[in-house]
2 protein chains.
Amino acid sequence: MTLFLSTHHNKIDKKGRVSIPASFRGELSEESFQGVVLFRSNIHQCLEGFAWSYMQEIGKRLDDFDLFSAEQDDLATSIFGTAVQLSMDGDGRIVLPKDLIEFAQFDEKATFVGMGKKFQIWTPESFESRRDVARQAVQSKGLTIPKGAHDGGRK
Amino acid sequence: MTLFLSTHHNKIDKKGRVSIPASFRGELSEESFQGVVLFRSNIHQCLEGFAWSYMQEIGKRLDDFDLFSAEQDDLATSIFGTAVQLSMDGDGRIVLPKDLIEFAQFDEKATFVGMGKKFQIWTPESFESRRDVARQAVQSKGLTIPKGAHDGGRK
DNA sequence: ATGCTTCCCATGGTATCCCATATATATCCA
DNA sequence: TGGATATATATGGGATACCATGGGAAGCAT
C-alpha cells in the first residue's frame, strides 16, 4: 500500500525539473507506470498528485455515471481535464508544466507534503502558513480520524 | 485501458488540420482503426470524441433503451447521426470538417480536453469558462467519485 | 484542367535522455 | 572509535529525439 509521508524541499531548475523525494519514489517503485499524476487542488493554491494506478481507479468509478450526464461531465472536466501524467526521468525527476508552475506560484523551491495515498506540492512559504492553519483547525475543532469503514465523512 | 488526460492547445491550420495531442495518440495506438470519432456535444457548444472501439460501448448502452422509444430515437440521432469517423495522417493529424468547425466556432486554436474514455474539443476561450463552471459545480454540489462498486443510476 | 484531399518531408522549438558533479548517508576496516 | 571508502540522492548541463506545424507534391473527383 502506498503511503506518502513527511515533507521535502526540492529545487526546481530552470528547465522546470524537480526531483521526486526518494521516499516517494520508493512508494512508486512497484507501479507499472513510473511517474505521477498531478492536478490543481480544488481548495488550495497547490498541486496534488498520486500514482497512476489510482487515476485508473478513479476512471473506473466514473464509468458508472451516465455517459452524458451533467455530473459525469463536471467531474471528468475538473479531474481529468486538469490532470497531467508526468513520467520520471532516469534520475527520478519530473518536469512541471508551465501552467501548473504558474497556478501554484512556484519560484525555485517546491515543498512535497506526504498525505497518505496522495501528496501535495506547495511553495515553502505558503505551506508554512498552511500547516499552522491546519494545526489550529485540528485543535479548535477537535478533529479526529474516524474508526472503521471510513469514507471521508464530510462531503 | 484508454484514459485521455490533461488539456492541450493545438493550432488549426488553414487546411483545417489539427494535431491530436501525442499523449492521446498513445492511448489510441492499440486501436485497430487509427483515428477518432467526433460528434457534436448535446449539452455544450463543443465537440466530443473517442476511439472507434468505444463507439461499440455506446451502442451497447443505447440498447438498454426501448428500441422505439423517443429517448432511444433522440440519442441515436444526436450521436450516431452527427458522428464522423476521422483518420489520422502520418503525422497524427486529423482534418476537421467545416460544419463541425462552424458548430464549435473554432478560430485558429483548438483545446483538447481529456475526460477519461472520451475527450472534448473547445475553443480556448469557451473552455476557460467551462472549467470554472465545472469546478464550481463539483464544489457546490459536493460531487465526489463514488467509492466502491457504484450503480450510477440508469443501467 | 480546377478544386479538394491525402501523403510526404522540412523546420523550429521543446522535452527527454544521458552523463557529470556535489553533498549527504551508510559501510567497512584498521 | 576514527577515518576512509562506497552508496544514494539531488542538481546541473549538453546532446538527442520527438512533436507540432507549415508547405509542397501527388492522387481523385468533378
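By convention in this document, chain letters (A, B, ...) are assigned in the order of the sequence lines, proteins followed by strands, and residues within each chain are numbered from 1. Worth saying up front: this structure is predicted, and the values here are computed from it rather than measured.
Using a 4.0 Å cut-off, no side-chain N or O of A:Lys14 falls inside it from OP1 or OP2 of D:dT11. Between A:Lys11 and D:dG12, a side-chain N or O to OP1/OP2 separation shorter than 4.0 Å is present. OP1 or OP2 of D:dA10 has at least one side-chain nitrogen or oxygen of A:Arg25 nearer than 4.0 Å.
Contact check for B:Ile101 versus B:Asp99: no side-chain heavy atoms found under the 4.5 Å cut-off. At least one side-chain heavy atom of B:Val36 sits less than 4.5 Å from a side-chain heavy atom of B:Leu28.
Within the 4.0 angstrom heavy-atom criterion, no nucleotide atom of any strand lies near B:Ile12. Nucleic acid contact for B:Asp89: none, since no nucleic acid atom lies under 4.0 Å from a heavy atom of the residue. If you check every strand for non-hydrogen atoms under 4.0 Å, A:Ile20 touches sugar and phosphate atoms only.
Going from atom CG of B:Leu86 over to atom P of C:dC7 covers 13 Å, rounded to whole Å. Summarising the geometry, the separation between CG on B:Asp13 and P on D:dG24 is reported as 13 Å, rounded to the nearest angstrom. Spacing between atom CG of A:Leu96 and atom C1' of C:dT14 amounts to 16 Å, rounded to whole angstrom units. At whole-Å resolution of the value, NZ in A:Lys98 and P in C:dG13 are 13 Å apart. For the pair B:Glu108 CD and D:dT21 C1', the interatomic distance rounds to 12 Å; values are reported in whole Å. Between the NE2 atom of A:His8 and the C1' atom of D:dA10 there is a distance of 13 Å, rounded to whole Å. Atom NE2 in B:His9 sits about 17 Å away from atom C1' in D:dT21, given to the nearest Å. Spacing between atom CZ of B:Arg17 and atom P of D:dG24 amounts to 11 Å, rounded to whole angstrom units.
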TODO: Begin with the C-alpha distance, continue with both residues' side-chain angles, and end with the deciding distance and a verdict on ring-ring contact (aromatic ring centres under 6.0 Å, His included) for B:Phe4 and A:Phe80.
DONE: CA-CA 7 Å; B:Phe4 299 113; A:Phe80 293 120; over 10 Å; no
- [ ] Kindly indicate, with the supporting measurements, whether the criterion salt bridge (Lys or Arg N to Asp or Glu O under 4.0 Å) is fulfilled by A:Asp74 and B:Arg131.
- [x] CA-CA 8 Å; A:Asp74 289 339; B:Arg131 177 203 286 171; over 6 Å; no
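In summary, the aromatic rings of A:Phe50 and A:Phe39 are positioned with their centroids under 6.0 Å apart.
With respect to the salt-bridge test (charged N to carboxylate O, under 4.0 angstrom), the residues A:Glu102 and A:Lys98 do not qualify.
Map A:Pro21 and A:Lys15 each onto its nearest nucleotide of DNA chain D; the residue landing nearer the 5' end is A:Pro21.
Put simply, the side chain of B:Asp91 never gets that close to the backbone of B:Arg93: no donor and acceptor are under 3.5 Å apart.
Comparing D:dG13, C:dC9, C:dT16 against the side chain of A:Arg93 picks out D:dG13 as the nearest.
One cannot find a donor-acceptor pair under 3.5 Å joining the base of C:dC17 and the side-chain atoms of A:Asp91.
Direction of the helix axis in the helix from C:dA1-D:dT30 to C:dA30-D:dT1 shifts by 40° between the two five-pair termini, rounded to 10°.
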